[in-house]
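A quick note: this is a predicted structure, and the numbers were derived from the prediction, not measured. The sequence lines fix the lettering, A, B, ..., with proteins before strands; numbering per chain opens at 1.
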There are 2 protein chains.
Amino acid sequence: MPRASRKDSILEAALACFSEHGVEATTIEMIRDRSGASIGSLYHHFGNKERILAALYVAGTEAYHGFLQDAWQHVDGAQSAVETLVGSYIDWVGQNPDWARFLLHCRGRVEAGEQGDTLRQHNREHFLWIERQLKMYREQGLLRELPRDVFTALLIGPTQDYMRHWLAGRVQTPLEQCRPLLAQAAWMVVKT
Amino acid sequence: MPRASRKDSILEAALACFSEHGVEATTIEMIRDRSGASIGSLYHHFGNKERILAALYVAGTEAYHGFLQDAWQHVDGAQSAVETLVGSYIDWVGQNPDWARFLLHCRGRVEAGEQGDTLRQHNREHFLWIERQLKMYREQGLLRELPRDVFTALLIGPTQDYMRHWLAGRVQTPLEQCRPLLAQAAWMVVKT
DNA sequence: TTTAATTCTAGAAAAATATTCTATTTGTGA
DNA sequence: TCACAAATAGAATATTTTTCTAGAATTAAA
């Protein structure tokens with residue numbers, strides 16, 4: 001296996017800087033110092049600061065999507081599917097707080113930027129993947145008939161909200177305790 | 001009534017620029033041009049760019065809190081309270097999309113900045129106000145006993161999630177149609 | 001293995017942006 | 001009217017981002 005490419009080491013350094021100082025406060029120079037790359041190298045690989053953000057964003061969402069799809073192996077039934085959607089989100093954010101903070105913080109910014117379309121395409125595909133997974137349960141009448149966007153909001157909204165507060169250090173209830181509550185509530189509100 | 005002060009006109013111009021070009025892309029110069037103020041005046045009133053954001057953020061949250069407290073006049077019973085929390089959020093965001101986009105986009109940034117404590121204090125007070133309003137219903141046993149942070153996430157999480165997507169133009173279901181669905185779901189998941 | 005082409009790296013130079021500073025003007029109370 | 005503070009202006013400075021030119025490393029073809 002090839003060791004981390006220069007490109008990757010720049011991304012890694014960028015995430016570390018963002019976590020440490022916040023996205024707005026980190027300068028190209030800080031990323032240069034931390035990664036050991038030169039300005040020229042940095043701009044060769046990414047072109048500008050915004051595209052560093054975008055690349056990092058895509059890498060993060062892909063990591064999360066992969067995590068979810070791995071967890072999906074053990075899904076067995078509609079309730080288990082809902083529980084996995086909620087639980088995987090909690091687990092991944094819990095295990096990767098720096099990534100998660102970055103993704104939550106920069107979503108709007110990256111979507112508004114030039115890579116917005118790419119990103120939206122990515123997300124749409126992930127969404128469709130979930131749709132395919134739930135199709136069967138829907139056809140069996142196990143899930144409420146709701147506009148798709150409302151369904152999604154009901155299912156994952158509370159969890160996203162909770163984890164956003166957790167990342168900001170605004171909540172005390174330990175994750176292990178919330179997990180079943182949130183999973184159960186999601187199921188309650190989404191089942192027929 | 002005094003007409004808009006220079007300070008206010010700067011804030012107004014800033015919000016307009018942010019809505020039009022995004023927060024990251026607007027420069028001090030753009031705000032200067034749009035507001036008609038000079039650089040000196042701008043820095044006299046706010047000190048730096050970050051503090052313009054913070055002031056705008058505080059103004060926005062205050063507007064929303066006021067809106068909610070007005071709507072609270074008509075609350076009558078626990079279900080009505082839940083419905084008002086959800087409905088007011090939808091209404092305010094629907095009527096003030098620029099404000100809402102800005103608030104959602106910048107929360108993390110402002111909280112991480114020097115005004116973070118002030119802001120957190122503000123939010124805590126608002127949160128406590130809601131707590132006081134719900135206390136009675138809680139004592140009557142009408143609301144589920146849950147860790148407070150989980151309760152909040154269940155109540156408002158789906159709505160916040162939905163409105164975030166609405167602001168980004170990612171959903172089609174009209175707000176009038178979602179409103180009762182979200183309110184009803186919130187009540188379902190939060191009532192005893 | 002040499003050559004040519006391409007990719008990558010480097011850092012100085014330029015451009016864009018944010019902030020400070022000094023001077024003037026405006027308003028306000030004694 | 002005078003003294004003083006608050007507000008405004010824009011030039012000067014500092015910081016940060018981006019571009020540009022040149023050289024080093026790598027790859028592929030001959």
Axis bend over the full length of the helix from C:dT1-D:dA30 to C:dA30-D:dT1, computed from five pairs that close each end, to 10 degrees: 10°
Interatomic distance where CZ belongs to A:Arg6 and P belongs to D:dA24 [whole Å]: 17 Å
Segment of DNA chain C, first to last nucleotide, that comes within the 4.0 Å heavy-atom reach of chain B: C:dT17 to C:dT20
Pair B:Glu131 + B:Arg148: basic N to acidic O under 4.0 Å: yes
Spacing of CZ belonging to A:Arg107 relative to NE2 belonging to B:His105, to within rounding of 0.5 Å: 12.5 Å
For atom CD1 of B:Ile39 and atom C1' of D:dA14, their distance in whole Å: 14 Å
Over-ring placement of B:Arg51 relative to B:Tyr43, 6.0 Å and 45° cut-offs: no
Sidechain N-carboxylate O distance under 4.0 Å for A:Arg109, A:Glu24: yes
Shortest non-hydrogen separation from A:Leu53 to A:Cys106 and the atoms involved: CD1-SG, 4.3 Å
Strand-adjacent residues in residues 7-33 of chain B, judged by heavy atoms under 4.0 Å from DNA chain D: none
Distance, nearest 0.5 Å, that separates CD1 of A:Ile31 from OG of A:Ser9: 11.5 Å
Closest approach of B:Leu175 to B:Gly94 (non-hydrogen atoms, all atoms of both residues): CD1-CA, 4.1 Å
Cation-aromatic face contact B:Arg179/B:Tyr89, 6.0 Å, 45 degrees: no
Check: A:Ser88 side chain, A:Leu85 main-chain N or O, donor-acceptor pair, under 3.5 Å: no
Connected via hydrophobic side-chain network under 4.5 Å: A:Phe127 and A:Tyr57: no
Atom pair distance, as rounded to whole Å: NE2 in B:His44 and C1' in D:dG10: 16 Å
